Colleague: 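Encoded as structure tokens, here's the structure I'll be asking about.
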Amino acid sequence: MTQKDQEKIMRIGFQIIRRDYQNLLIKQKDAKNSNWHNLESGFASKAALDRRMKELLELDLIVED
């Protein structure tokens with residue numbers, strides 16, 4: 001997804017999230033902050049991070065980068 005595409009979907013209310021396995025955290029972009037920032041951190045493992053990502057992606061207005 002290009003930056004322009006991301007801006008379009010954020011403008012209509014979507015949030016974009018991505019996994020950061022190196023630091024075990026989830027990053028987010030949204031209409032209020034178009035730069036990547038930490039949404040959640042402190043995961044004990046990659047599996048725990050993946051489980052939380054799965055929960056978040058079930059919400060209607062969240063998409064993965």
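Please read these numbers as outputs of a predicted model, since none were measured by experiment.
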Colleague: Identify the two heavy atoms, one from Lys29 and one from Ser34, that lie closest to each other, and give their separation to 0.1 Å.
Modeller: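 The answer is CE-O, 3.3 Å.
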Colleague: Got a sec, which residues hit salt bridge (Lys or Arg N to Asp or Glu O under 4.0 Å) with Glu58, two or more places apart in sequence or on another chain?
Modeller: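 Checked Glu58 against salt bridge (Lys or Arg N to Asp or Glu O under 4.0 Å); zero matches.
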Colleague: Does Leu25 belong to the same Ile/Leu/Val/Met/Phe/Trp/Tyr cluster as Ile17, with side-chain heavy atoms less than 4.5 Å apart forming each link?
Modeller: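 Shared cluster, no.
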Colleague: Please evaluate residues Glu64 and Leu56 with respect to the criterion side-chain contact (heavy atoms from CB on, under 4.5 Å), reporting the C-alpha separation (whole Å), side-chain torsions for both, the decisive distance (0.1 Å), and the verdict.
Modeller: CA-CA 9 Å; Glu64 185 173 9; Leu56 290 170; over 6 Å; no
Colleague: More than 12 heavy atoms of other residues, nucleotides or ligands under 6.0 Å from CG of Asp60: yes or no?
Modeller: no
Colleague: Taking the side chain as every heavy atom from C-beta outward, state whether His37 and Lys32 have any pair of such atoms under 4.5 Å apart.
Modeller: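 They are not in contact (no side-chain heavy atoms under 4.5 Å apart), so the answer is no.
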Colleague: Is it true that Trp36 and Leu61 fall in one hydrophobic cluster, defined by side-chain heavy atoms closer than 4.5 Å?
Modeller: yes
Colleague: Please walk me through it: do Asn38 and Lys27 pass side-chain contact (heavy atoms from CB on, under 4.5 Å)?
Modeller: CA-CA 4 Å; Asn38 293 347; Lys27 294 183 177 184; 4.1 Å; yes
Colleague: Is there a path from Leu59 to Ile16 through hydrophobic residues (I, L, V, M, F, W, Y) whose side chains come within less than 4.5 Å of each other?
Modeller: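 No, Leu59 does not connect to Ile16 through the hydrophobic network.
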Colleague: How many angstroms lie between atom OG of Ser41 and atom CZ of Arg52, to the nearest 0.5 angstrom?
Modeller: 12.0 Å
Colleague: Which residues satisfy the side chain to side chain contact (heavy atoms under 4.5 Å, CB included) test with Gln15, sequence neighbours excluded?
Modeller: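 Gln15: side chain to side chain contact (heavy atoms under 4.5 Å, CB included) contacts with Gln28, Asp30, Ile62.
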Colleague: Indicate yes or no: at least one non-hydrogen side-chain atom of Phe43 is less than 4.5 angstrom from one of Asp50.
Modeller: no
Colleague: What salt bridge (charged side-chain N to carboxylate O under 4.0 Å, His left out) pairs are there with at least one residue in residues 2-18, not counting sequence neighbours?
Modeller: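 Sorted pair list: Arg18-Asp65.
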